[in-house]
Visitor: 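Once you've had a glance at the structure underneath, I'll fire off some questions.
Order of appearance sets the numbers: ligands from 1, and atoms from 1 within every ligand. Note that the coordinates shown come from a computational prediction; the quantities given were computed from them, not determined experimentally.
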Amino acid sequence: MQSIDTLISARWIIPVNDARETLENHSIAIDQGVIVAILPNAKAAQEYQASHSIDLGDQALIPGFVNTHGHAAMAIFRGMADDLELMTWLNDHVFPAENKWVDYDLVRDGTELATAEMLRSGTTTFSDNYFFPDASAESVLKAGMRAQLCFPTIDFPTAWGAGPDEHIDNGLKVMATYAGHSHIKVNFGPHAPYTCSDEPLLRIKALAEEHGVGIQMHVHETQVEVDGELERRGQRPIRRLKDLGLLSPNFQAVHMTALSEEDINDIVETGAHVMHCPESNLKLASGFCPVHELQKRGVNVALGTDGAASNNDLDMLGEMRTAAMLAKAVSGDATALSAYDAIKMATLNGAKALGWDKEIGSLEVGKRADITAIALNDLESQPIYDPVSHIVYASTRDQVTNVWVDGKQLLNNRELTTLDKNTIIETAKQWRDKIVKG
Ligand SMILES: [Zn+2]
């Protein structure tokens, strides 16, 4: 018998592997944060002596969700301004609120609220794009999650710096602090083509190559953006980014609506990743990302919630369901984005886009034990022909029971183990009171 730290058994395991299999009555053996075996329960009992053995019964284990786009601290602004189109929402509400209120403390507290919500909906890794990434990092480490923190660069002054050069200089300091960190990657996050001029983008491209890190940017969020850029610069945003040399397998393009054939060709040619945020796109009436078409062309499409101010939740189960439904509606093809592919998009594709697929994104021997358990034992899940179908089409985040990162349990029967729920609720209320008073 081999001694290990943890043995988790469940009725179903969906590893998200090339075989697209669903394992029944299997266990995951974990030692020192790594998956050392996935094997039938009876065999696991013979081969492993675990310090902690957990039998989850009629639950499904999947890889922890990878939420590839968001602005975690904006959880503090959840529900502050709704039912507005993107530019009104941004210029009249979000940017003024950010200029007035965003500081280190708001980012730390807002990110903590977001990490708690994400853990309670099965997310173990997320990508963030916000000011004061050092404050976000503090909350990510406290929660025990993984995050890609893309520091924003934008042509105008923000709470975090006087302009693009200062944003980049500030970001490089945070990048140096977390160089080589197992849970935090600091990458570039230029805001969008319409808010970033050529000079900072070229500086970012050179620095990203020098440091071997990624770039994430909002691109083609709306038709209005594309039309505006055509008028201003005589070029579609994607072609401009390609000409500037930014598009590559290290580039993560968020949103990607209003795509022409030419735009899709540029993405295919350069190997850039697409971050699809269906609920944010729907809520802001931004447009539709042609997910089915992109996948047919071999583009890696990952999934993101965007910030809680434009979604308004950070729920990857809900996002998967919306993505699967929307792909069918947009393509006019009910076979588009199957339930299995939706789970893959929310896990392995995300890990790939963030350059973390050697470590996470699927349940495989040798990968870190980042695992989410979803209960399928209650009335709403009966009867079960295919757990994959139920997870995507008939489950809600309340069914997420347990979450592990590196084999460490961060959610235990829906209770957070690293964060204090009541304190987080109180702190969020205090920010609301302060913001409402003005
Ligand atoms: Zn965004």
Visitor: Could you check whether the rings of His167 and Trp160 sit parallel, tilted or perpendicular, using 30° and 60° as the cut-offs?
Guide: parallel

Visitor: Please determine whether a side-chain nitrogen of the Lys or Arg among Arg236 and Glu229 lies less than 4.0 Å from a carboxylate oxygen of the Asp or Glu.
Guide: no

Visitor: Look at Cys277 and state whether any of its N, O or S atoms is less than 2.8 Å from the Zn ion (ligand 1).
Guide: no

Visitor: Measuring to the Zn ion (ligand 1), does Asp306 have an N/O/S atom at a distance below 2.8 Å?
Guide: yes

Visitor: Using the ring of each side chain (for Trp, its six-membered ring), is His218 parallel, tilted or perpendicular to His255, with breaks at 30° and 60°?
Guide: parallel

Visitor: Check residues 426-438 and write down every donor-acceptor pair under 3.5 Å in which the side-chain atom is one partner and the other belongs to a residue at least two apart or another chain.
Guide:
residue : atom : partner : partner atom : Å
Thr427  : OG1  : Thr423  : O            : 2.8
Trp431  : NE1  : Asp109  : OD2          : 2.9

Visitor: How wide is the angle at the Zn ion (ligand 1) spanned by His71 NE2 and His69 NE2, rounded to 10 degrees?
Guide: 100°

Visitor: Check whether any N, O or S atom of His255, backbone or side chain, sits closer than 2.8 Å to the Zn ion (ligand 1).
Guide: no

